[in-house]
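All residue numbers in this chain count up from 1 along the given sequence.
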Amino acid sequence: MDFSAAEARRIALAAHGFGAKPRGRVTEARLTSAIANLGVLQIDSVNVFERSHYMPLFARLGIYDTAILDRMLLAPHTPATHVEYWAHEAAFLPVESWPLWQWKMDRARERHAKPGSWLAEHRALADSLLARLHAEGPATFSQLEGPREKRRGSWWNWSDAKRALEFLFEDGTITAIGRTNFQRIYAPVADVIPHHLLGRPLSETDARRALIRDAVRAVGIGAVSDIADYYRFKLAPAREALGDLVDSGEVIEVSVAGWEKNGKAVAGFMLAGTTTPARTPSTTALLSPFDPVTWHRDRAARVFDFDYRIEIYTPAPKRIYGYYSLPILMNDRLVGRIDLKADRKSSTLIVRSAHWEPNRPKDAVDRLAAIVRDAATWRGLEHIVVEEWGDAATDLRRVF
(Lines give C-alpha, C1' and ligand atoms only; values in the text may rest on other atoms or scores of the structure.)
Protein backbone atom coordinates (compact mmCIF):
# COMPACT_ATOMS: atom_id res chain seq x y z
CA MET A 1 0.00 0.00 0.00
CA ASP A 2 1.16 3.52 -0.82
CA PHE A 3 0.42 6.62 1.25
CA SER A 4 1.08 10.29 0.76
CA ALA A 5 2.96 12.22 3.46
CA ALA A 6 -0.28 13.99 4.41
CA GLU A 7 -2.13 10.68 4.81
CA ALA A 8 0.67 9.37 7.01
CA ARG A 9 0.44 12.46 9.23
CA ARG A 10 -3.32 12.01 9.62
CA ILE A 11 -2.94 8.34 10.50
CA ALA A 12 -0.20 9.12 13.02
CA LEU A 13 -2.09 11.93 14.74
CA ALA A 14 -5.29 9.88 14.97
CA ALA A 15 -3.32 7.07 16.61
CA HIS A 16 -1.73 9.55 19.00
CA GLY A 17 -5.19 10.62 20.14
CA PHE A 18 -5.65 13.90 18.27
CA GLY A 19 -8.92 14.95 16.74
CA ALA A 20 -11.93 16.80 18.02
CA LYS A 21 -11.47 17.56 21.70
CA PRO A 22 -14.27 16.08 23.82
CA ARG A 23 -16.98 18.38 25.05
CA GLY A 24 -17.88 18.71 28.68
CA ARG A 25 -15.84 18.10 31.79
CA VAL A 26 -12.79 15.91 31.46
CA THR A 27 -13.50 13.03 33.82
CA GLU A 28 -11.27 10.38 35.35
CA ALA A 29 -12.64 7.93 32.79
CA ARG A 30 -11.50 10.16 29.93
CA LEU A 31 -8.07 10.59 31.45
CA THR A 32 -7.78 6.83 32.01
CA SER A 33 -8.74 6.18 28.39
CA ALA A 34 -6.24 8.72 27.08
CA ILE A 35 -3.40 7.20 29.12
CA ALA A 36 -4.35 3.72 27.93
CA ASN A 37 -4.26 4.96 24.34
CA LEU A 38 -0.79 6.43 24.81
CA GLY A 39 0.43 3.31 26.60
CA VAL A 40 2.94 5.33 28.63
CA LEU A 41 3.02 8.81 30.12
CA GLN A 42 6.64 9.89 30.35
CA ILE A 43 7.84 11.57 33.54
CA ASP A 44 10.31 14.43 33.69
CA SER A 45 11.37 16.62 36.60
CA VAL A 46 11.45 19.99 34.78
CA ASN A 47 8.69 22.25 36.08
CA VAL A 48 9.21 25.60 34.36
CA PHE A 49 5.70 25.69 32.92
CA GLU A 50 4.23 22.35 34.00
CA ARG A 51 5.61 18.87 34.56
CA SER A 52 5.69 16.80 31.42
CA HIS A 53 3.22 14.06 32.40
CA TYR A 54 0.36 16.56 32.67
CA MET A 55 0.85 18.03 29.23
CA PRO A 56 -0.02 15.24 26.75
CA LEU A 57 -3.50 15.09 28.30
CA PHE A 58 -3.94 18.88 28.07
CA ALA A 59 -2.88 18.67 24.41
CA ARG A 60 -5.48 16.01 23.63
CA LEU A 61 -8.36 16.79 25.98
CA GLY A 62 -8.02 20.52 26.66
CA ILE A 63 -8.40 22.16 30.05
CA TYR A 64 -8.80 19.59 32.82
CA ASP A 65 -8.45 19.42 36.57
CA THR A 66 -4.96 18.13 37.33
CA ALA A 67 -6.11 17.17 40.83
CA ILE A 68 -8.02 14.30 39.19
CA LEU A 69 -4.84 13.07 37.53
CA ASP A 70 -2.93 13.48 40.78
CA ARG A 71 -5.42 11.20 42.53
CA MET A 72 -5.02 8.67 39.74
CA LEU A 73 -1.23 8.66 39.44
CA LEU A 74 0.33 10.20 42.54
CA ALA A 75 -1.91 9.04 45.40
CA PRO A 76 -1.26 5.42 46.45
CA HIS A 77 -3.96 2.91 45.54
CA THR A 78 -4.30 -0.68 46.68
CA PRO A 79 -4.65 -2.47 44.40
CA ALA A 80 -2.75 -0.17 42.07
CA THR A 81 -4.44 1.20 38.94
CA HIS A 82 -1.30 2.84 37.50
CA VAL A 83 2.34 2.20 38.29
CA GLU A 84 5.75 3.43 37.21
CA TYR A 85 8.34 1.54 35.27
CA TRP A 86 11.10 2.03 32.71
CA ALA A 87 8.66 1.55 29.86
CA HIS A 88 10.19 4.18 27.55
CA GLU A 89 12.01 6.33 30.03
CA ALA A 90 10.54 6.57 33.53
CA ALA A 91 6.82 6.56 32.87
CA PHE A 92 3.39 6.01 34.33
CA LEU A 93 1.56 3.10 32.76
CA PRO A 94 -1.73 1.28 33.28
CA VAL A 95 -1.27 -1.57 35.73
CA GLU A 96 -2.85 -3.95 33.19
CA SER A 97 0.36 -3.81 31.16
CA TRP A 98 2.39 -5.23 34.06
CA PRO A 99 2.71 -8.76 32.58
CA LEU A 100 4.31 -7.29 29.44
CA TRP A 101 7.29 -6.05 31.45
CA GLN A 102 7.97 -9.02 33.72
CA TRP A 103 10.59 -10.43 31.31
CA LYS A 104 12.58 -7.20 31.64
CA MET A 105 12.26 -7.34 35.41
CA ASP A 106 13.37 -10.98 35.41
CA ARG A 107 16.49 -10.03 33.44
CA ALA A 108 17.29 -7.32 35.97
CA ARG A 109 16.76 -9.75 38.85
CA GLU A 110 19.22 -12.18 37.24
CA ARG A 111 21.85 -9.44 36.95
CA HIS A 112 21.30 -8.35 40.53
CA ALA A 113 21.68 -11.91 41.83
CA LYS A 114 25.10 -12.46 40.27
CA PRO A 115 27.94 -12.69 42.80
CA GLY A 116 29.76 -9.39 43.01
CA SER A 117 26.84 -7.27 41.82
CA TRP A 118 25.98 -4.27 43.97
CA LEU A 119 22.64 -5.67 45.11
CA ALA A 120 24.13 -9.07 45.90
CA GLU A 121 26.69 -7.30 48.10
CA HIS A 122 23.93 -5.31 49.84
CA ARG A 123 21.24 -7.97 50.01
CA ALA A 124 20.76 -7.60 53.77
CA LEU A 125 19.96 -3.89 53.34
CA ALA A 126 17.57 -4.58 50.45
CA ASP A 127 15.79 -7.32 52.41
CA SER A 128 15.39 -5.05 55.42
CA LEU A 129 13.88 -2.28 53.29
CA LEU A 130 11.50 -4.75 51.66
CA ALA A 131 10.46 -6.08 55.07
CA ARG A 132 9.71 -2.55 56.26
CA LEU A 133 7.57 -1.85 53.21
CA HIS A 134 5.60 -5.03 53.87
CA ALA A 135 5.17 -4.16 57.54
CA GLU A 136 4.71 -0.39 57.42
CA GLY A 137 3.11 0.16 54.02
CA PRO A 138 4.10 2.32 51.01
CA ALA A 139 6.87 4.84 51.67
CA THR A 140 9.38 7.13 49.98
CA PHE A 141 13.10 6.60 50.29
CA SER A 142 13.33 9.61 52.62
CA GLN A 143 10.86 7.97 54.97
CA LEU A 144 12.77 4.70 54.83
CA GLU A 145 16.33 5.92 55.14
CA GLY A 146 15.78 8.47 57.91
CA PRO A 147 17.94 11.54 58.56
CA ARG A 148 21.18 9.74 59.46
CA GLU A 149 21.80 7.78 56.28
CA LYS A 150 25.07 8.98 54.77
CA ARG A 151 25.10 9.86 51.10
CA ARG A 152 28.14 8.83 49.14
CA GLY A 153 28.58 11.75 46.74
CA SER A 154 28.24 9.61 43.60
CA TRP A 155 25.53 7.87 41.58
CA TRP A 156 23.31 10.98 41.65
CA ASN A 157 24.36 11.46 45.28
CA TRP A 158 22.14 8.53 46.24
CA SER A 159 22.42 6.83 49.60
CA ASP A 160 22.79 3.07 49.79
CA ALA A 161 19.12 2.86 50.78
CA LYS A 162 17.99 4.79 47.72
CA ARG A 163 20.23 2.73 45.46
CA ALA A 164 18.88 -0.53 46.89
CA LEU A 165 15.31 0.65 46.40
CA GLU A 166 15.97 1.58 42.78
CA PHE A 167 17.47 -1.84 42.06
CA LEU A 168 14.44 -3.52 43.65
CA PHE A 169 12.23 -1.24 41.55
CA GLU A 170 14.10 -2.21 38.38
CA ASP A 171 13.75 -5.93 39.02
CA GLY A 172 10.05 -5.80 39.89
CA THR A 173 10.34 -6.69 43.56
CA ILE A 174 8.84 -3.32 44.45
CA THR A 175 7.04 -0.76 42.34
CA ALA A 176 6.12 2.91 42.57
CA ILE A 177 2.41 3.51 43.10
CA GLY A 178 2.57 7.28 43.37
CA ARG A 179 4.78 10.24 44.17
CA THR A 180 5.01 12.92 46.83
CA ASN A 181 7.28 15.94 46.42
CA PHE A 182 8.26 14.13 43.22
CA GLN A 183 9.72 11.21 45.20
CA ARG A 184 8.54 7.73 44.29
CA ILE A 185 6.25 6.03 46.77
CA TYR A 186 7.51 2.44 46.87
CA ALA A 187 5.45 -0.64 47.69
CA PRO A 188 6.05 -4.39 47.38
CA VAL A 189 4.68 -5.70 44.11
CA ALA A 190 3.01 -8.61 45.88
CA ASP A 191 1.04 -6.19 48.06
CA VAL A 192 -0.30 -3.82 45.41
CA ILE A 193 -0.37 -5.41 41.94
CA PRO A 194 -3.60 -7.37 41.32
CA HIS A 195 -2.85 -11.05 41.74
CA HIS A 196 -4.40 -12.03 38.40
CA LEU A 197 -1.71 -9.91 36.68
CA LEU A 198 1.14 -11.44 38.66
CA GLY A 199 -0.10 -14.93 37.96
CA ARG A 200 0.05 -14.78 34.17
CA PRO A 201 3.66 -14.19 33.11
CA LEU A 202 4.38 -14.13 29.39
CA SER A 203 7.46 -15.48 27.70
CA GLU A 204 9.94 -12.84 26.64
CA THR A 205 9.14 -13.55 22.98
CA ASP A 206 5.40 -13.18 23.47
CA ALA A 207 5.79 -10.05 25.60
CA ARG A 208 8.12 -8.38 23.12
CA ARG A 209 5.73 -9.19 20.30
CA ALA A 210 2.79 -7.73 22.25
CA LEU A 211 4.73 -4.57 23.06
CA ILE A 212 5.84 -4.08 19.46
CA ARG A 213 2.27 -4.61 18.29
CA ASP A 214 1.12 -1.99 20.78
CA ALA A 215 3.84 0.36 19.60
CA VAL A 216 2.60 -0.01 16.02
CA ARG A 217 -0.91 0.80 17.23
CA ALA A 218 0.33 3.81 19.19
CA VAL A 219 2.32 5.37 16.34
CA GLY A 220 -0.35 4.57 13.74
CA ILE A 221 2.19 4.34 10.96
CA GLY A 222 5.92 4.26 11.51
CA ALA A 223 9.35 3.09 10.50
CA VAL A 224 11.10 0.31 12.40
CA SER A 225 13.07 2.88 14.38
CA ASP A 226 9.88 4.72 15.41
CA ILE A 227 8.28 1.51 16.59
CA ALA A 228 11.39 0.30 18.42
CA ASP A 229 11.82 3.63 20.19
CA TYR A 230 8.29 3.68 21.58
CA TYR A 231 9.13 1.14 24.27
CA ARG A 232 12.90 1.60 23.98
CA PHE A 233 13.69 -1.63 22.16
CA LYS A 234 16.92 -2.18 20.33
CA LEU A 235 16.48 -2.45 16.57
CA ALA A 236 17.32 -6.16 16.23
CA PRO A 237 14.64 -7.52 18.61
CA ALA A 238 12.17 -4.94 17.30
CA ARG A 239 12.73 -6.16 13.73
CA GLU A 240 12.35 -9.76 14.84
CA ALA A 241 9.03 -9.11 16.62
CA LEU A 242 7.81 -6.93 13.76
CA GLY A 243 8.68 -9.66 11.27
CA ASP A 244 6.59 -12.15 13.26
CA LEU A 245 3.65 -9.72 13.23
CA VAL A 246 3.96 -9.19 9.49
CA ASP A 247 4.09 -12.96 8.93
CA SER A 248 0.94 -13.40 11.03
CA GLY A 249 -0.88 -10.69 9.07
CA GLU A 250 -1.41 -8.45 12.11
CA VAL A 251 0.92 -5.78 10.70
CA ILE A 252 1.43 -4.75 7.10
CA GLU A 253 4.37 -3.07 5.41
CA VAL A 254 3.58 0.10 3.46
CA SER A 255 5.38 2.89 1.63
CA VAL A 256 5.06 6.60 2.33
CA ALA A 257 6.01 9.31 -0.14
CA GLY A 258 9.10 11.17 1.00
CA TRP A 259 10.16 8.71 3.68
CA GLU A 260 13.83 8.36 2.82
CA LYS A 261 17.19 8.10 4.54
CA ASN A 262 20.53 8.36 2.76
CA GLY A 263 18.72 8.24 -0.56
CA LYS A 264 16.88 5.00 0.22
CA ALA A 265 13.18 4.54 0.88
CA VAL A 266 12.22 3.94 4.51
CA ALA A 267 9.51 1.29 4.89
CA GLY A 268 6.47 2.02 7.03
CA PHE A 269 4.42 -0.38 9.13
CA MET A 270 0.86 -0.22 10.40
CA LEU A 271 -1.76 -2.52 11.88
CA ALA A 272 -3.80 -4.38 9.32
CA GLY A 273 -7.20 -2.74 8.96
CA THR A 274 -6.03 0.74 9.94
CA THR A 275 -8.16 3.37 8.23
CA THR A 276 -6.96 6.70 6.95
CA PRO A 277 -8.88 9.66 8.42
CA ALA A 278 -10.74 11.42 5.63
CA ARG A 279 -10.05 14.87 7.00
CA THR A 280 -7.14 16.71 8.50
CA PRO A 281 -7.75 17.12 12.25
CA SER A 282 -8.76 20.61 13.35
CA THR A 283 -6.33 20.69 16.25
CA THR A 284 -4.34 23.33 18.06
CA ALA A 285 -2.11 22.02 20.83
CA LEU A 286 1.08 22.67 22.76
CA LEU A 287 3.16 19.51 23.06
CA SER A 288 5.52 18.46 25.79
CA PRO A 289 9.07 17.77 24.61
CA PHE A 290 8.29 14.24 25.81
CA ASP A 291 5.07 13.81 23.87
CA PRO A 292 5.12 10.72 21.59
CA VAL A 293 4.61 13.01 18.59
CA THR A 294 8.07 14.50 19.02
CA TRP A 295 10.03 12.40 21.52
CA HIS A 296 11.78 10.51 18.67
CA ARG A 297 13.70 13.14 16.77
CA ASP A 298 14.09 11.21 13.50
CA ARG A 299 10.35 10.55 13.38
CA ALA A 300 9.49 14.22 14.01
CA ALA A 301 11.74 15.16 11.08
CA ARG A 302 10.48 12.45 8.73
CA VAL A 303 6.76 12.64 9.46
CA PHE A 304 6.36 16.33 10.31
CA ASP A 305 9.44 17.94 8.72
CA PHE A 306 10.25 19.33 12.16
CA ASP A 307 13.81 19.42 13.49
CA TYR A 308 13.38 19.35 17.24
CA ARG A 309 16.01 19.42 19.94
CA ILE A 310 15.36 20.38 23.55
CA GLU A 311 17.82 23.08 24.64
CA ILE A 312 17.85 22.56 28.42
CA TYR A 313 21.49 21.49 28.30
CA THR A 314 22.54 24.09 25.74
CA PRO A 315 24.33 27.13 27.24
CA ALA A 316 21.96 30.11 27.25
CA PRO A 317 23.93 32.20 24.72
CA LYS A 318 23.82 29.32 22.22
CA ARG A 319 20.11 28.57 22.45
CA ILE A 320 18.19 29.11 19.23
CA TYR A 321 14.62 28.72 20.48
CA GLY A 322 14.62 28.69 24.28
CA TYR A 323 15.20 26.63 27.39
CA TYR A 324 12.12 24.35 27.23
CA SER A 325 10.37 25.09 23.95
CA LEU A 326 7.06 23.33 23.34
CA PRO A 327 6.22 22.25 19.79
CA ILE A 328 3.04 23.88 18.45
CA LEU A 329 0.65 21.55 16.59
CA MET A 330 -1.95 23.01 14.25
CA ASN A 331 -4.06 20.67 12.15
CA ASP A 332 -1.54 18.08 10.91
CA ARG A 333 1.60 20.21 11.03
CA LEU A 334 4.10 21.29 13.66
CA VAL A 335 4.11 25.01 12.93
CA GLY A 336 6.39 26.45 15.61
CA ARG A 337 7.65 26.27 19.15
CA ILE A 338 7.01 28.33 22.26
CA ASP A 339 8.95 28.59 25.51
CA LEU A 340 6.62 29.13 28.47
CA LYS A 341 7.30 29.88 32.10
CA ALA A 342 4.74 29.92 34.91
CA ASP A 343 5.58 32.64 37.45
CA ARG A 344 3.33 31.39 40.19
CA LYS A 345 4.15 34.18 42.64
CA SER A 346 2.82 36.86 40.29
CA SER A 347 0.21 34.53 38.72
CA THR A 348 1.71 35.22 35.30
CA LEU A 349 2.31 33.06 32.26
CA ILE A 350 5.46 34.34 30.59
CA VAL A 351 6.12 33.64 26.92
CA ARG A 352 9.92 33.64 26.96
CA SER A 353 10.16 33.04 23.21
CA ALA A 354 8.03 31.88 20.29
CA HIS A 355 9.12 30.99 16.77
CA TRP A 356 7.24 30.02 13.63
CA GLU A 357 8.04 27.29 11.14
CA PRO A 358 7.38 28.11 7.45
CA ASN A 359 4.12 26.14 7.02
CA ARG A 360 1.72 27.82 9.42
CA PRO A 361 -1.95 28.46 8.58
CA LYS A 362 -3.24 31.96 7.94
CA ASP A 363 -5.04 32.11 11.29
CA ALA A 364 -2.02 30.83 13.21
CA VAL A 365 -1.59 33.93 15.37
CA ASP A 366 -5.17 33.90 16.63
CA ARG A 367 -5.01 30.16 17.28
CA LEU A 368 -1.72 30.42 19.13
CA ALA A 369 -3.07 33.28 21.24
CA ALA A 370 -6.13 31.18 22.09
CA ILE A 371 -4.13 28.16 23.21
CA VAL A 372 -1.80 30.37 25.27
CA ARG A 373 -4.90 31.79 27.02
CA ASP A 374 -6.10 28.22 27.62
CA ALA A 375 -2.69 27.30 29.04
CA ALA A 376 -2.87 30.21 31.48
CA THR A 377 -6.41 29.31 32.50
CA TRP A 378 -5.48 25.65 32.91
CA ARG A 379 -2.67 26.53 35.31
CA GLY A 380 -4.69 29.17 37.15
CA LEU A 381 -2.55 32.11 35.99
CA GLU A 382 -4.23 35.49 35.71
CA HIS A 383 -1.80 37.39 33.50
CA ILE A 384 0.13 36.80 30.26
CA VAL A 385 3.39 38.56 29.40
CA VAL A 386 5.21 38.08 26.08
CA GLU A 387 8.94 38.74 25.89
CA GLU A 388 10.78 39.79 22.73
CA TRP A 389 12.38 36.70 21.24
CA GLY A 390 11.17 35.20 17.98
CA ASP A 391 8.83 36.11 15.15
CA ALA A 392 5.85 34.37 16.75
CA ALA A 393 6.54 36.34 19.94
CA THR A 394 6.38 39.53 17.92
CA ASP A 395 2.96 38.48 16.62
CA LEU A 396 1.75 37.59 20.11
CA ARG A 397 2.88 40.93 21.55
CA ARG A 398 0.33 42.60 19.27
CA VAL A 399 -2.38 40.47 20.91
CA PHE A 400 -1.39 40.56 24.59
Quiz item: Can you tell me how far CD of Glu145 sits from OG of Ser159, rounded to the nearest 0.5 angstrom?
Solution: 3.5 Å
Exercise. Please say whether the positively charged group of Arg208, taken as NZ for Lys or CZ for Arg, lies over the ring of Phe233, i.e. under 6.0 angstrom from the six-membered ring centre and within 45 degrees of the axis.
Key: yes
Quiz prompt | Working for side-chain contact (heavy atoms from CB on, under 4.5 Å), residues Tyr85 and Phe92 | solution = CA-CA 7 Å; Tyr85 196 59; Phe92 296 111; over 6 Å; no
Quiz prompt | Within-4.5 Å side-chain heavy-atom neighbours: Ser325 and Ile338 | solution = no
Exercise. Say whether Asp2 and Ser255, considering side chains only, have a donor N or O and an acceptor N or O under 3.5 Å apart.
Key: yes
Exercise. Indicate the atoms forming the closest heavy-atom contact of His122 with Trp118, along with that distance.
Key: ND1-O, 2.9 Å
Practice problem: Show your working on salt bridge (charged side-chain N to carboxylate O under 4.0 Å, His left out) between Lys162 and Glu166 and close with a plain yes or no. | Solution: CA-CA 6 Å; Lys162 173 61 173 173; Glu166 284 300 303; 3.1 Å; yes
Exercise. Look at the side chain of Glu311 and the backbone N and O of Ile320, then say whether any donor-acceptor pair between them is shorter than 3.5 Å.
Key: yes
Quiz item: Does the side chain of Lys104 come within less than 4.5 Å of Trp86's, by heavy atoms?
Solution: yes
Exercise. Decide side-chain contact (heavy atoms from CB on, under 4.5 Å) for Leu287 and Leu326; before the verdict, give the C-alpha distance in whole Å, the side-chain angles of both, and the deciding distance to 0.1 Å.
Key: CA-CA 5 Å; Leu287 305 182; Leu326 312 177; 5.9 Å; no
Quiz item: Rounded to the nearest 0.5 Å, what separation is found between the OG1 atom of Thr81 and the CD atom of Glu28?
Solution: 7.5 Å
Practice problem: Go through Ile185 and Thr180 one step at a time and tell me if the side-chain contact (heavy atoms from CB on, under 4.5 Å) criterion holds. | Solution: CA-CA 7 Å; Ile185 301 172; Thr180 181; 4.2 Å; yes
Quiz item: Is it true that His355 and Tyr321 have ring centroids separated by less than 6.0 Å?
Solution: yes
Quiz item: Do Trp389 and Val335 sit in the same hydrophobic cluster, where Ile, Leu, Val, Met, Phe, Trp and Tyr count as joined when their side-chain heavy atoms come under 4.5 Å apart?
Solution: no
Quiz item: Does Thr205 reach the main-chain N or O of Ser203 with its side chain, forming a donor-acceptor pair under 3.5 Å?
Solution: no
Self-check item: Any Leu93 side-chain heavy atom under 4.5 Å of Trp101 side chain
Solution: yes
Exercise. Please answer whether the main-chain N or O of Glu382 pairs with a side-chain N or O of Ser347 as donor and acceptor at a distance below 3.5 Å.
Key: yes
Quiz item: Given Arg109 and Asp106, is the salt bridge (charged side-chain N to carboxylate O under 4.0 Å, His left out) satisfied, shown in steps?
Solution: CA-CA 5 Å; Arg109 194 174 298 114; Asp106 290 344; 2.8 Å; yes
Quiz item: Any side-chain heavy atom of Arg213 within less than 4.5 Å of one from Glu250?
Solution: yes
Practice problem: Examine Val266 and Phe306 and state if one hydrophobic cluster contains both, with Ile, Leu, Val, Met, Phe, Trp and Tyr joined whenever side-chain heavy atoms are less than 4.5 Å apart. | Solution: yes
Quiz prompt | Side-chain donor-acceptor contact under 3.5 Å, Trp356 with Asp395 | solution = yes
Self-check item: Glu240, CD: over 12 other non-hydrogen atoms inside 6.0 angstrom
Solution: no
Quiz item: How far apart are the closest heavy atoms of Leu100 and Ala210, and which atoms are they?
Solution: CD2-CB, 3.7 Å
Exercise. Run the numbers on Arg302 and Glu260 for salt bridge (charged side-chain N to carboxylate O under 4.0 Å, His left out), then give the verdict.
Key: CA-CA 8 Å; Arg302 185 186 340 102; Glu260 296 181 353; over 6 Å; no
Exercise. Using a strict 4.0 Å threshold on nitrogen-to-oxygen distance, state whether Asp171 and Arg107 make a salt bridge.
Key: no
Quiz item: Just checking, any donor-acceptor pair under 3.5 angstrom between side chains of Arg367 and Thr284?
Solution: yes
Self-check item: Ring centre gap for Trp295 and Phe290 strictly below 6.0 Å
Solution: no
Exercise. Could you tell me whether the side chain of Tyr64 and the main chain of Tyr54 form a donor-acceptor pair under 3.5 Å?
Key: yes
Quiz item: For Glu388, does the CD atom have more than 12 heavy-atom neighbours from other residues, nucleotides or ligands under 6.0 Å away?
Solution: no
Practice problem: Check for a donor-acceptor pair, side chain of His77 on one end and backbone N or O of Ala75 on the other, with a separation under 3.5 Å. | Solution: yes
Quiz item: If only atom types and distance count, is the side chain of Asp291 paired as donor or acceptor with the main-chain N or O of Thr294 below 3.5 Å?
Solution: no
Self-check item: Check: His16 and Arg60 side chains under 4.5 Å, non-hydrogen atoms
Solution: yes
Quiz prompt | Residue of the set Ile227, Asp229, Val219 for which side-chain contact (heavy atoms from CB on, under 4.5 Å) holds with Arg299 | solution = Val219
Quiz item: Are Tyr231 and His88 close enough that their ring centres sit under 6.0 Å apart?
Solution: no
Exercise. Kindly indicate whether the side chain of Ile35, heavy atoms from C-beta on, has any atom under 4.5 Å from the side chain of Pro94.
Key: yes
Exercise. Please report the shortest heavy-atom distance between Pro99 and Leu197, naming the atom on each side.
Key: CG-O, 3.6 Å
Practice problem: Could you tell me the separation between the CZ atom of Arg209 and the CG atom of Leu245, rounded to the nearest 0.5 Å? | Solution: 6.5 Å
Practice problem: Give a yes or no on whether Arg309 atom CZ has more than 12 heavy-atom contacts from other residues, nucleotides or ligands under 6.0 Å away. | Solution: no
Practice problem: Determine whether the side chains of Thr394 and Asp391 contain a donor N or O and an acceptor N or O closer than 3.5 Å. | Solution: no
Quiz item: If only atom types and distance count, is the side chain of Thr377 paired as donor or acceptor with the main-chain N or O of Arg373 below 3.5 Å?
Solution: yes
Quiz item: Considering only heavy atoms from C-beta outward, does the side chain of Phe304 approach that of Leu13 to under 4.5 Å?
Solution: yes
Quiz prompt | Validation row: Ile43, Phe182 side chains within 4.5 angstrom (heavy atoms) | solution = yes
Quiz item: For the side chain of Asp332 and the backbone of Thr280, is there at least one donor-acceptor N/O pair under 3.5 Å apart?
Solution: no
Quiz item: So Ser52 and Val46, side-chain contact (heavy atoms from CB on, under 4.5 Å) or not? Walk me through it.
Solution: CA-CA 7 Å; Ser52 181; Val46 176; over 6 Å; no
Practice problem: Measure the OH-CD distance between Tyr186 and Glu84 for me, rounded to the nearest 0.5 Å. | Solution: 8.5 Å
Quiz item: Applying the salt bridge (Lys or Arg N to Asp or Glu O under 4.0 Å) test to Glu170, which of Arg163, Arg111, Arg184 qualifies?
Solution: Arg111
Quiz item: Within the side chain of Asp191, is there an N or O that forms a donor-acceptor pair under 3.5 Å with the backbone of Pro188?
Solution: no
Quiz item: Does NZ or CZ of Arg352 lie under 6.0 Å from the centre of the six-membered ring of Tyr324, at an angle within 45° of the ring axis?
Solution: no
Quiz prompt | From Leu130 atom CG to Leu125 atom CG, the distance as rounded to the nearest 0.5 Å | solution = 11.0 Å
Quiz item: Quick one: CG on Leu235 to CG on Leu242, what's the gap to the nearest 0.5 Å?
Solution: 11.0 Å
Exercise. Evaluate salt bridge (charged side-chain N to carboxylate O under 4.0 Å, His left out) for Glu357 paired with Arg337, printing each intermediate quantity in order.
Key: CA-CA 8 Å; Glu357 294 288 299; Arg337 57 202 92 196; 2.7 Å; yes
